[in-house]
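Convention: sequence-line order gives letters A, B, ...; per-chain numbering from 1.
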2 protein chains.
Amino acid sequence: MIRNSDACRSNCPINFVLETFGDRWTLLIVRDLMFKGKQTYGNFLESEEQISTNILADRLRRLEAHEIIQKEVAKDNRSKFIYRFTDKGKDLIPIMLEVTAWSARHDSQSNAPATFLSDYESGREQMIAAVRANLD
Amino acid sequence: MIRNSDACRSNCPINFVLETFGDRWTLLIVRDLMFKGKQTYGNFLESEEQISTNILADRLRRLEAHEIIQKEVAKDNRSKFIYRFTDKGKDLIPIMLEVTAWSARHDSQSNAPATFLSDYESGREQMIAAVRANLD
DNA sequence: CGAAGTAATTGCATTTTGCAAGTATCTTAC
DNA sequence: GTAAGATACTTGCAAAATGCAATTACTTCG
């Protein structure tokens, strides 16, 4: 069940993001949709972090309610939904890249590509544009 | 109690950030320390989102365990601790500013300063440097 | 029609959160 | 030196969220 008024705690911009993304799963769905070409419920379930079906259904519902993503029936198979970012969702790209950069700097176990940091630092705007262009 | 091995779900950079910041409170503490000059347990408790004492104590402990912040006894009052960012913590500045920008763009209720977006877009590096310089 | 594929929902045990009250240590005022 | 206040927590318990396994519902394919 979606919290109907979503109990907004304040009008702080940091808090605003937490109202949607302040849990351990939502951002992984965004990641899969943004960087891994995943677009269906079944795709998201396959991720290595092993999200469970009830949590996935709940988070997709909330992301849609917050107008980060929208879904449509797949053209090739009408029993399937295709999830896509809204413009608001696409605007998360700079945040996601900045988060990736921080982890690349501070997590010695990070599996970010070896060239990520230098590519990002030398061409941030280009990388943002490239990710955006790669979303249909 | 801090999860001893913190059950790392994957080596994905997005997931790495979630392991520390994937809840509704931790980032508010970072915000207060980064932008509002708050440095003590009592200061953090005063924020409008009304964090409770047990959650605050737990999150400060985790932030310290993850080496985002460190605490020291206050010089003027030995019954008080002063919390400060580590270098790893200071490196969160670009993420926090990017998050603020996203909310400023997409939350009509946002209380971000009216000039924030234009200042940020025209001088991102300067703003990062300014915030950093403002941390002791 | 029946089997397979896709997207969920349900029930229940475990974990986390939120709230109120209590405790411990250090400082200040007399 | 002691009592009152300031500061930083801890504890106990009810409520909510999470995680897991099983089940349901709808669509497509043969």
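Side chains of A/Ser10 and B/Glu49: a donor on one and an acceptor on the other come within 3.5 Å. Judged by distance alone, the side chains of B/Tyr120 and B/Glu98 do bring a donor and an acceptor atom under 3.5 Å apart. A side-chain donor from one of A/Asn15 and A/Glu19 sits under 3.5 Å from a side-chain acceptor of the other.
B/Lys71 has no side-chain polar atom (N or O) that falls below the 4.0 Å cut-off from OP1 or OP2 of D/dT7. In this model, the phosphate group of D/dT28 is approached by a side-chain N or O of A/Arg78 to a distance below 4.0 Å at OP1 or OP2. The side chain of B/Arg59 places no N or O atom within less than 4.0 Å of a non-bridging phosphate oxygen (OP1 or OP2) of D/dC9. Look at A/Arg61 and you won't find any side-chain N or O under 4.0 angstrom from OP1 or OP2 of C/dA7. For C/dG18, the OP1/OP2 oxygens have a side-chain nitrogen or oxygen of B/Trp25 closer than 4.0 Å. Proximity of B/Arg24 to the phosphate of C/dT17: no side-chain N or O atom is located under 4.0 Å from OP1 or OP2.
B/Asp58 has its CG atom 13 Å from the C1' atom of C/dG18, to the nearest Å. Look at CG on A/Asp23: it is 14 Å from C1' on C/dT17, rounded to the nearest Å. Regarding B/Lys38, its NZ atom lies at a distance of 17 Å from the C1' atom of D/dA8, rounded to whole Å. The CD atom of A/Gln39 sits 14 Å away from the P atom of C/dT6 (whole-angstrom rounding). In this structure, CG of A/Leu56 is placed 14 Å from P of D/dC20, rounded to the nearest angstrom. Going from atom CD1 of A/Ile82 over to atom P of D/dT27 covers 16 Å, rounded to whole Å. Taking atom CD1 of residue B/Ile55 and atom C1' of nucleotide C/dT16, one finds them 7 Å apart after rounding to whole Å. Per the geometry, CD belonging to B/Glu46 stands 10 Å off P belonging to D/dA8, to the nearest Å.
Remark: the A/Thr40 side chain and the C/dT6 base include no donor-acceptor N/O pair separated by less than 3.5 Å.
Contact annotation for A/Phe44: no contact, since no heavy-atom pair falls under 4.0 Å across all strands.
In this structure, the nucleotide among C/dG11, C/dT6, D/dC9 sitting nearest to the side chain of B/Tyr83 is D/dC9. If you check C/dC19, C/dG11, D/dA8 against the side chain of B/Phe81, the one that comes closest is D/dA8. Distances were taken from every side-chain heavy atom of B/Ala57 (C-beta onward) to each of D/dT27, C/dT9, D/dT10; the shortest belongs to D/dT10. Of the candidate nucleotides C/dC26, D/dG19, D/dA8, D/dA8 has the atom nearest to the side chain of B/Lys80. In this structure, the nucleotide among D/dC20, D/dG12, D/dC9 sitting nearest to the side chain of A/Asn54 is D/dC20.
Looking at A/Asn134, A/Leu97, A/Val30 one by one, the single match for side-chain contact (heavy atoms from CB on, under 4.5 Å) with A/Phe35 turns out to be A/Leu97.
When the shell of 6.0 Å around CD of A/Glu67 is examined, it contains 12 or fewer heavy atoms from other residues, nucleotides or ligands.
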